[in-house]
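See below for the structure under consideration.
Chain letters run A, B, ... following the sequence lines, proteins first and then strands; every chain starts at 1. Worth knowing before you read on, the calculation uses all heavy atoms, side chains too, and leaves out hydrogens, waters and symmetry mates.
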Amino acid sequence: MIDPKLLRQSTAEVARNLARRGHAFDATAYLALEERRKSLQVDTEHLQSERNSRSKAIGQAKAKGEDVAPLLAAVADLGDRLASRQADLQALQSRLRDIELNLPNLLSDDVPDGRDATANVEVRRWGEPPAFAFEPRDHIALGESLGLLDFDAASKISGARFTVLHGALARLQRALISFMLDTHTDEHGYQEAYVPYLVHDLALEGTGQLPKFAADLFRTDSGTPFYLIPTAEVPLTNLARDVIFEADQLPLRYTAHTPCFRSEAGSYGQDTRGMIRQHQFEKVELVQVVAADASAAALEELTSHAEKILQRLELPYRVVALCAGDIGFGAAKTYDLEVWLPGQERYREISSCSNCTDFQARRMQARRRNPQSGKPELIHTLNGSGVAAGRALIAVLENYQQADGDVRIPAVLQPYMGGAKTLQG
RNA sequence: GGAGAGGUGGCAGAGCGGUUCAAUGCACCGGUCUUGAAAACCGGCAAGGGUUUAUAGCCCUUCGAGGGUUCGAAUCCCUCCCUCUCCGCCA
């Protein structure tokens with residue numbers, strides 16, 4: 001959520017920032033509502049104050065044994081007047097909040113202009129796409145010919161956009177996850193967490209998936225509905241909900257492996273083949289909770305932590321700064337990591353690292369105590385995949401394939417694979 | 001799933017319709033005293049929102065959540081949530 005004070009005081013500026021994303025914000029309509037809210041709220045609180053003081057006087061008069069009938073008469077219509085004002089105010093406030101909850105975060109000044117992914121800016125590359133002496137195959141052909149990847153079985157059980165992994169390939173995914181978690185906890189200072197995969201709507205509102213993106217989520221139809229997490233960012237970031245941290249408790253760094261569930265509504269026809277875009281996939285997530293003035297540096301650092309995984313796996317990748325039109329709802333600035341996929345002969349997203357500034361913190365009242373003023377102030381939250389395990393699995397298959405159809409196992413994963421050097425072992 | 005108990009400020013804990021615009025204690029912060037510390041004493045000590053140049057004042061809201069009764073609700077009524085104990089079931 002954007003600071004409502006900023007929204008009403010610097011409306012034009014905010015609108016200009018949002019316009020960079022292609023988001024049209026009707027500043028005039030908003031300000032009109034806001035003006036009514038102001039007078040209505042001042043009015044309502046006035047009446048509340050009057051009711052309080054009159055009720056108090058009645059109490060005091062009663063204690064002295066005086067006749068309170070005239071006092072009661074004087075206050076007779078106050079309740080009704082107050083109730084109607086309060087109802088109007090509440091309706092207006094919920095309209096304003098609805099608008100505010102549907103506004104994306106303000107973009108950081110250094111986000112490049114552009115309407116879509118084609119305008120994203122490559123920041124750097126690492127590694128060289130491997131040169132094959134044969135025609136490289138994609139992960140589908142590789143996995144199926146090895147007998148380790150089974151889309152038919154998955155569709156029998158659950159339909160499209162699911163995968164069954166067998167044997168060494170299932171283990172390879174587990175190896176990737178363990179390797180990532182170990183690296184982040186042992187070397188990057190993250191604390192591993194195990195978190196719920198089913199969450200309340202409040203948690204999703206806190207990170208920004210709700211109310212706007214309900215269609216992307218799976219919801220249970222149990223009594224009080226749960227949502228399946230679309231990313232571990234949701235439970236991890238919500239660890240800071242309603243907390244006032246002491247300055248020395250920050251930064252907080254959490255990592256977790258979880259499955260992620262996405263309805264992929266609206267992506268029909270995209271990546272329907274293979275395991276690029278699934279309803280269920282595994283991911284290792286990184287989340288940081290930091291003081292406001294530390295978030296810009298933290299984004300660079302968090303991104304480097306995700307990069308480190310690809311470097312250790314010796315997978316060629318590039319870092320891309322997302323442009324204004326391609327950046328996510330809650331992010332002020334985002335770097336995507338794109339890994340080279342020989343089967344597609346292109347770089348594909350494998351990690352997305354974002355600085356959400358105070359956007360999520362405001363929604364979930366995540367604060368720290370300012371050591372100078374002693375006052376609570378909003379913290380900043382960051383998240384990034386470190387990295388998506390399913391896509392890392394694809395990248396390993398395609399980049400490590402050999403002429404005979406076998407797949408070598410990256411050196412850092414071999415200890416997790418019982419020492420095996422190839423997928424066939 | 002069954003039965004019971006309970007949810008009050010950082011913690012403990014009182015209050016059960018107006019004298020509590022939440023007592024008291026602990027913790028914490030400042031001060032006095034002291035060579036220093038402790039003790040003792042004095043003072044301070046929630047969050048959100050509104051108004052405002054203001055993190056100054058003033059006002060509103062918040063005693064698990066939501067609704068209701070009332071001039072007035074932490075206190076009465078209804079619904080829900082959560083925690084704990086015992087029983088049952090279960091990885």
Next item on the list: Could you check A:His46 against A:Ser55 and say which one's nearest nucleotide on RNA chain B is further toward the 5' end?
Entry: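 The answer here is A:Ser55.
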Notebook entry, point to check: Between A:Glu34 and A:Val75, which is nearer to the 5' end of RNA chain B once each is assigned its nearest nucleotide?
Noted result: A:Glu34
Of all residues at least two apart in sequence or in a different chain, which pass the side chain to side chain contact (heavy atoms under 4.5 Å, CB included) check with [X]?
X        : value
A:Ala296 : none
A:Asp88  : A:Leu40
A:Ala240 : A:Phe245, A:Val289, A:Ala366
A:Glu282 : A:Gln173, A:Ile177, A:His257, A:Pro259, A:Gln280, A:Ala389

Note to self: Tell me whether A:Arg408 forms a cation-pi arrangement with A:Tyr400, defined as NZ or CZ under 6.0 Å from the six-membered ring centre and within 45 degrees of its axis.
What the structure shows: no
Check: With a non-hydrogen cut-off below 4.0 angstrom, is A:Gln365 in contact with a base, only sugar-phosphate, or nothing?
Finding: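 Touches sugar-phosphate only.
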Margin query: Need one value for A:Lys5: base, sugar-phosphate or nothing, where a base atom within 4.0 Å counts as base even if backbone is also close, heavy atoms only.
Written below: base
Notebook entry, point to check: So, A:Glu264 and A:Arg262, do they make that salt bridge, N to O below 4.0 Å?
Noted result: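 Salt bridge absent between A:Glu264 and A:Arg262.
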Next item on the list: Using a strict 4.0 Å threshold on nitrogen-to-oxygen distance, state whether A:Glu301 and A:Arg253 make a salt bridge.
Entry: yes
Which value, in whole Å, describes the distance between the [atom1] atoms of nucleotides [N] and [M]?
N     : M     : atom1 : answer
B:G9  : B:A3  : C1'   : 33 Å
B:C26 : B:A40 : P     : 8 Å
B:C87 : B:C77 : P     : 31 Å
B:U19 : B:G72 : C1'   : 14 Å
B:C80 : B:C86 : P     : 26 Å
B:A74 : B:U69 : P     : 16 Å
B:U34 : B:G44 : C1'   : 22 Å
B:G13 : B:G68 : C1'   : 30 Å

If you look only at distance, which donor and acceptor atoms sit under 3.5 Å apart when one is on a side chain in residues 61-87 of chain A and the other is two or more places apart or in another chain?
from	atom 1	to	atom 2	distance (Å)
A:Asp67	OD1	A:Ala69	N	3.1
A:Ser84	OG	A:Arg81	O	3.3
A:Arg85	NH1	A:Asp43	OD2	2.6

Next item on the list: Quick one: which residue pairs count as a side chain to side chain donor-acceptor pair (under 3.5 Å) with a foot in residues 102-111 of chain A, not counting sequence neighbours?
Entry: A:Asn105-A:Thr357, A:Ser108-A:Asp110, A:Asp110-A:Lys333
Notebook entry, point to check: Applying side chain to side chain donor-acceptor pair (under 3.5 Å), which residue pairs with at least one partner in residues 13-30 of chain A are found, sequence neighbours left out?
Noted result: A:Arg20-A:Asp113, A:Tyr30-A:Glu100
Item checked: Pairing stems for RNA chain B [at least three consecutive pairs; Watson-Crick or G-U; under 3.5 angstrom] ->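 Only these stems qualify: B:1-7 with B:81-87, B:10-12 with B:24-26, B:28-32 with B:40-44, B:46-51 with B:57-62, B:64-68 with B:76-80.
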Item checked: Start and end of chain A contact along RNA chain B [non-hydrogen atoms, under 4.0 Å] -> B:G18 to B:G72
Note to self: For RNA chain B, which residues of residues 366-374 of chain A approach it to below 4.0 angstrom with any heavy atom?
What the structure shows: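 Within this stretch, A:Arg367, A:Arg369 sit under 4.0 Å of the strand.
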Notebook entry, point to check: A:His46: what forms a ring pair (Phe, Tyr, Trp, His ring centres under 6.0 Å) with it, not counting sequence neighbours?
Noted result: none
Identify all side-chain donor-acceptor contacts of residues 155-164 of chain A below 3.5 Å with residues at least two apart in sequence or on another chain.
from	atom 1	to	atom 2	distance (Å)
A:Ser155	OG	A:Asp152	O	3.1
A:Arg161	NH1	A:Gln270	O	3.4
A:Arg161	NH1	A:Asp271	O	3.4
A:Arg161	NH1	A:Arg277	O	3.1
A:Arg161	NH2	A:Ser267	O	3.0
A:Arg161	NH2	A:Gln270	O	3.2
A:Thr163	OG1	A:Gln278	OE1	2.3

